[in-house]
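Predicted model only: the values in this text are computed from it and were never measured.
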Amino acid sequence: MERIFTGLQPSGTLHIGNYFGALKPAIDMLKSHDGMLMVADYHALTTLKDSGNLRQNIIDATKDYLAAGLDTRKTIVFQQSQVPEHTELTWIFECLVTVPFLELSHAYKDKLAKGLEANAGLFNYPMLMAADILLYDTDIVPVGADQRQHVEYAREAAAKFNNTFGETFKEPKERINEDVATLPGTDGKKMSKSYKNTIPLFGTKDDIAKAVMSIVTDSSGESPENVYAIHQHFRDRQSLGELYKANKGKYKALKDALIEDIEALISPMRQVRDAISDADVIRVLNEGSAKARERAAAKMADVRRHVGVLL
Ligand code: ADP
Ligand code: TRP
């Protein structure tokens, strides 16, 4: 069976774009495969330096995935920082790849362009991610399109190591769900936390209503394009067509219908989320991390032997 590995950066409140673009495809895939989901807290440390925030984000992000349907009996859910083999293997990869090779990273260049400080962790980010993936003999990495180059880096790190020290790592493949269209936000641009145009995934019904009511509807014609573009993710084409035909020009009625449809998806997940305590999350992460660590330690013993440091 193919092995699936994916990771998420614990970086704040999720929106429905994240749900359809990242959480749902990964969770669906993990239902039918042997897999691992890692909370990439050391990756988050490259940009987040507030300990209280980081701690809360780790808990919140894990809750989000559990509430969205991740099954911990099937999937190992764990915390990157609890498995020190990740940073250990990163070092070995750092000694194999060159600075110009890492300088090609789009994510690094984008972050610098946004004015983030060029700390060395940010620069080395792809090798930590390569270690995450390669430690577990991963076949497939489900990720968003923005992570494609990072999985290429992982393949390169595996090949470089295998060429230098002998066959040790599998070369993984990314799985990018191309059918998931980018959800637009309330202003019609890509929904993104950086644009403040989001509909929150785990907001209250009032939060959802407020966001939906703020969808810009100054488009011409009888159907509010921006409302429709979001709505199509919540209903099949036929029933949506009938709804919009029956409510031509009635923007308020269509927005009300969208609020109800979003609420119907989110309300059961919100209830599950509310029932998960911080202690539950810590237990899940501790148990998952112990299992991950066992696998990682076995792999690292092999790696150390290949490198020549195991005496
Ligand atoms: P944001 O743009 O809000 O900062 P991130 O960059 O943190 O979102 O994205 C996390 C994941 O969610 C990525 O896999 C990305 O592909 C997915 N994602 C983000 N925004 C959308 C969107 N509007 N539609 C579909 N998927 C999205
Ligand atoms: N860099 C990924 C992101 O920002 C998170 C991540 C860290 C990851 N390690 C990973 C994803 C390993 C897949 C596999 O979304």
Checklist entry - Strictly by modelled atom types, are Asp236 and Gln238 linked by a side-chain donor-acceptor pair under 3.5 Å? => result no

Checklist entry - Are side-chain N/O atoms of Asp207 and Thr204 paired as donor and acceptor at under 3.5 Å? => result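 Yes - a donor-acceptor pair under 3.5 Å links their side chains.
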
Do [X] and [Y] sit in the same hydrophobic cluster, where Ile, Leu, Val, Met, Phe, Trp and Tyr count as joined when their side-chain heavy atoms come under 4.5 Å apart?
{"X": "Leu134", "Y": "Val309", "value": "yes"}
{"X": "Val99", "Y": "Ile92", "value": "yes"}
{"X": "Ile76", "Y": "Met29", "value": "no"}
{"X": "Met127", "Y": "Leu104", "value": "yes"}
{"X": "Ile230", "Y": "Leu240", "value": "yes"}

Rounded distance (nearest 0.5 Å) linking atom [atom1] of [X] with atom [atom2] of [Y]:
{"X": "Lys31", "Y": "Lys74", "atom1": "NZ", "atom2": "NZ", "result": "11.5 Å"}
{"X": "Leu8", "Y": "Thr6", "atom1": "CG", "atom2": "OG1", "result": "7.5 Å"}
{"X": "Glu263", "Y": "Asp261", "atom1": "CD", "atom2": "CG", "result": "10.5 Å"}
{"X": "His33", "Y": "Ile140", "atom1": "NE2", "atom2": "CD1", "result": "5.5 Å"}
{"X": "Ser81", "Y": "Ile58", "atom1": "OG", "atom2": "CD1", "result": "6.0 Å"}
{"X": "Ile4", "Y": "Thr138", "atom1": "CD1", "atom2": "OG1", "result": "8.5 Å"}

Nearest atoms (heavy-atom pairs only) where [X] meets [Y]:
{"X": "Leu254", "Y": "Val227", "value": "O-CG1, 4.3 Å"}
{"X": "Val39", "Y": "Pro10", "value": "CG1-CG, 3.8 Å"}
{"X": "Ser11", "Y": "Asn57", "value": "CA-ND2, 4.0 Å"}
{"X": "Pro200", "Y": "Ile266", "value": "O-CD1, 4.0 Å"}
{"X": "Ala211", "Y": "Thr198", "value": "CB-O, 3.7 Å"}
{"X": "Asn226", "Y": "Val216", "value": "ND2-O, 2.8 Å"}

Could you tell me whether the side chain of [Y] reaches within less than 4.5 Å of the side chain of [X], counting heavy atoms only?
{"X": "His231", "Y": "Leu243", "answer": "yes"}
{"X": "Tyr108", "Y": "Leu102", "answer": "no"}
{"X": "His15", "Y": "Ile199", "answer": "no"}
{"X": "Arg304", "Y": "Glu88", "answer": "yes"}
{"X": "Arg295", "Y": "Asp137", "answer": "no"}
{"X": "Ser223", "Y": "Lys245", "answer": "no"}
{"X": "Val272", "Y": "Leu66", "answer": "no"}
{"X": "Asn119", "Y": "Lys49", "answer": "yes"}

Checklist entry - When you look at Tyr19 and Phe202, which way does the ring-ring contact (aromatic ring centres under 6.0 Å, His included) test go after all the steps? => result CA-CA 10 Å; Tyr19 176 73; Phe202 289 109; 8.1 Å; no

Could you tell me whether a side-chain N or O of [X] sits under 3.5 Å from a main-chain N or O of [Y], the two making a donor and an acceptor?
{"X": "Asn162", "Y": "Thr168", "value": "yes"}
{"X": "Thr75", "Y": "Val77", "value": "no"}
{"X": "Ser289", "Y": "Asn286", "value": "no"}
{"X": "Arg155", "Y": "Pro172", "value": "yes"}
{"X": "Gln232", "Y": "Ala229", "value": "yes"}
{"X": "Thr186", "Y": "Ser214", "value": "no"}
{"X": "Asn197", "Y": "Lys190", "value": "yes"}
{"X": "Arg235", "Y": "Leu258", "value": "no"}
{"X": "Tyr228", "Y": "Tyr244", "value": "no"}

Next on the checklist: Strictly by ring pair (Phe, Tyr, Trp, His ring centres under 6.0 Å), give each pair with a member in residues 165-194 just once, sequence neighbours left out.
Outcome noted: Phe93-Phe169, Phe161-Phe165, Phe161-Phe169

Item to check | Inter- and intrachain pairs under ring pair (Phe, Tyr, Trp, His ring centres under 6.0 Å), touching residues 124-143, at least two apart | outcome: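 Only Phe5-Tyr136, His43-Tyr125, Phe78-Tyr136, His86-Tyr136, Tyr125-His150 qualify under ring pair (Phe, Tyr, Trp, His ring centres under 6.0 Å).
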
Checklist entry - Does the side chain to side chain contact (heavy atoms under 4.5 Å, CB included) test come out yes or no for Asp256 and Met213, once each step is laid out? => result CA-CA 8 Å; Asp256 284 340; Met213 286 306 164; 3.2 Å; yes

May I ask you to say whether [X] pairs ionically with [Y], meaning some side-chain N is under 4.0 Å from a carboxylate O?
{"X": "Asp274", "Y": "Arg270", "result": "no"}
{"X": "Lys63", "Y": "Asp278", "result": "yes"}
{"X": "Arg305", "Y": "Asp302", "result": "yes"}
{"X": "Arg273", "Y": "Asp60", "result": "yes"}

Next on the checklist: Using side chain to side chain contact (heavy atoms under 4.5 Å, CB included), reason through Leu30 and Asp71 one step at a time and then give a plain yes or no.
Outcome noted: CA-CA 8 Å; Leu30 285 165; Asp71 182 353; over 6 Å; no

Hey, is [atom1] on [X] packed in by over 12 heavy atoms from elsewhere, all under 6.0 Å?
{"X": "Lys170", "atom1": "NZ", "value": "yes"}
{"X": "Lys173", "atom1": "NZ", "value": "no"}
{"X": "Glu294", "atom1": "CD", "value": "no"}
{"X": "Tyr42", "atom1": "OH", "value": "no"}
{"X": "Lys24", "atom1": "NZ", "value": "no"}

Item to check | Criterion side chain to side chain contact (heavy atoms under 4.5 Å, CB included) on Leu14 and Leu23, from CA distance to verdict | outcome: CA-CA 10 Å; Leu14 295 177; Leu23 274 77; 3.7 Å; yes

Checklist entry - Does the pair His233 and Ile16 meet the rule for a side chain to side chain contact (heavy atoms under 4.5 Å, CB included), with working shown? => result CA-CA 10 Å; His233 294 272; Ile16 59 172; over 6 Å; no

